[in-house]
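Here the structure comes first, spelled out in structure tokens, and everything after it is commentary.
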Number of protein chains: 2
Amino acid sequence: MLELVTIKQTKEELGKWCKLQRDRFELSQQELADQLGISRYTIQKFESGRNSTIDTVLKIAHHFEDLEKFYNGVKSYNEQNTNRSLY
Amino acid sequence: MLELVTIKQTKEELGKWCKLQRDRFELSQQELADQLGISRYTIQKFESGRNSTIDTVLKIAHHFEDLEKFYNGVKSYNEQNTNRSLY
DNA sequence: TATATTTGTTTATTATAACATACATTATGC
DNA sequence: GCATAATGTATGTTATAATAAACAAATATA
């Protein structure tokens, strides 16, 4: 049964994705770890493609989803309110 | 930051999904475990929504993907060859 | 009903994910 | 250049995922 994508590759891609999101939101490993209430080591391990738990994956995924929503929310608010006088 | 879907719920849904796939392919926990080279206890824990590792999730997911492909392959082969004489 | 299979659960053990901390190396800013 | 921050690694410890085995309860099968 040919496996086009290996488990190892998937974990590596998950790690890269985390790093990309972290860069996008300008967060250091330590900041992300603090925001999630987990250790920097866990982030480090995840980003380098090592094995982790579902909890870790979902904490990270949810967090970036939330950041995305928050960012979009603020952006659309700003867009609606540009060119509107503050007085 | 409102979390519409909790991590707990996601793990529970993952567990239900595994059970559904297993029923679909008529596999017992033991059979699935054997095919994946992991213990039945790990399957049991995963299906009951407990925390697991990425490896476990991906092993299970890949396996059912493969079974799906295999099933579809055999099905389409059979469809192409029905009504064709064996002689 | 009786038997066999499957599943949920427990116990003891092993492997390893996660933590805390420190330190060296590598960017980044002044 | 230097100083600061960020990252990669290492060490020792703790928590827990995973294993192996056994057993009872629930389900399916004869």
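Order of the sequence lines sets the chain letters (A, B, ...), proteins ahead of strands, with each chain counted from 1.
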Taking only N/O atoms, report every protein-nucleotides 25-30 of chain C pair under 3.5 Å with atom names and distance.
none

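There is a path of hydrophobic side-chain contacts, each under 4.5 Å, that joins A:Tyr71 to A:Ile60.
Reading DNA chain D from its 5' end, the first and the last nucleotide to sit under 4.0 Å from a heavy atom of chain B are D:dA17 to D:dA22.
The aromatic rings of B:Phe25 and B:Phe64 lie parallel to each other, their planes meeting at an angle below 30°, with 60° marking the opposite boundary.
Residues B:Ile43 and B:Leu36 have side chains in contact (heavy-atom distance under 4.5 Å, counting atoms from C-beta outward). Between B:Leu27 and B:Leu67 there is a side-chain heavy-atom pair separated by less than 4.5 Å. Proximity of A:Ser52 to A:Leu14: side-chain heavy atoms (C-beta onward) are nowhere separated by under 4.5 Å.
Look at A:Thr56 and you won't find any side-chain N or O under 4.0 angstrom from OP1 or OP2 of C:dA17.
B:Thr42 meets the side-chain hydrogen bond (donor to acceptor under 3.5 Å, both in side chains) test with B:Ser39; sequence neighbours excluded. Applying the salt bridge (charged side-chain N to carboxylate O under 4.0 Å, His left out) test to A:Glu31 and every residue at least two apart in sequence or in another chain returns nothing. Residues passing the side-chain hydrogen bond (donor to acceptor under 3.5 Å, both in side chains) test with A:Arg50, sequence neighbours excluded: none. With sequence neighbours excluded, the residues satisfying side chain to side chain contact (heavy atoms under 4.5 Å, CB included) with A:Lys16 are A:Glu13. In this view, B:Thr10 satisfies the side-chain hydrogen bond (donor to acceptor under 3.5 Å, both in side chains) rule with no residue, not counting sequence neighbours.
Comparing the helix axis at one end of the helix from C:dT1-D:dA30 to C:dC30-D:dG1 with that at the other, each defined from 5 consecutive pairs, gives an inter-axis angle of 60° (nearest 10°).
Computed from coordinates, the A:Ile43 CD1 to C:dA17 C1' distance equals 13 Å when rounded to whole Å. Between B:Asp55 atom CG and C:dA17 atom C1' there is a gap of 11 Å when expressed in whole angstrom units.
Side chain of A:His62 to main chain of A:Val57: no donor-acceptor pair is present (N/O by atom type, distance under 3.5 Å, no hydrogens or angles).
Sequence neighbours left out, the pairs with a member in residues 17-29 of chain B that pass salt bridge (Lys or Arg N to Asp or Glu O under 4.0 Å) are B:Lys19-B:Asp23, B:Arg22-B:Glu47, B:Arg24-B:Glu68. Judged as a salt bridge (Lys or Arg N to Asp or Glu O under 4.0 Å), the pairs with a partner in residues 54-65 of chain B (not counting sequence neighbours) are, in order, A:Lys11-B:Asp55.
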Completion exercise
Whether each nucleotide of nucleotides 6-12 of chain C has a protein heavy atom under 4.0 Å at its base (B), only at its sugar-phosphate (S) or at neither (-) is summarised, 5' to 3', as -BBBB--

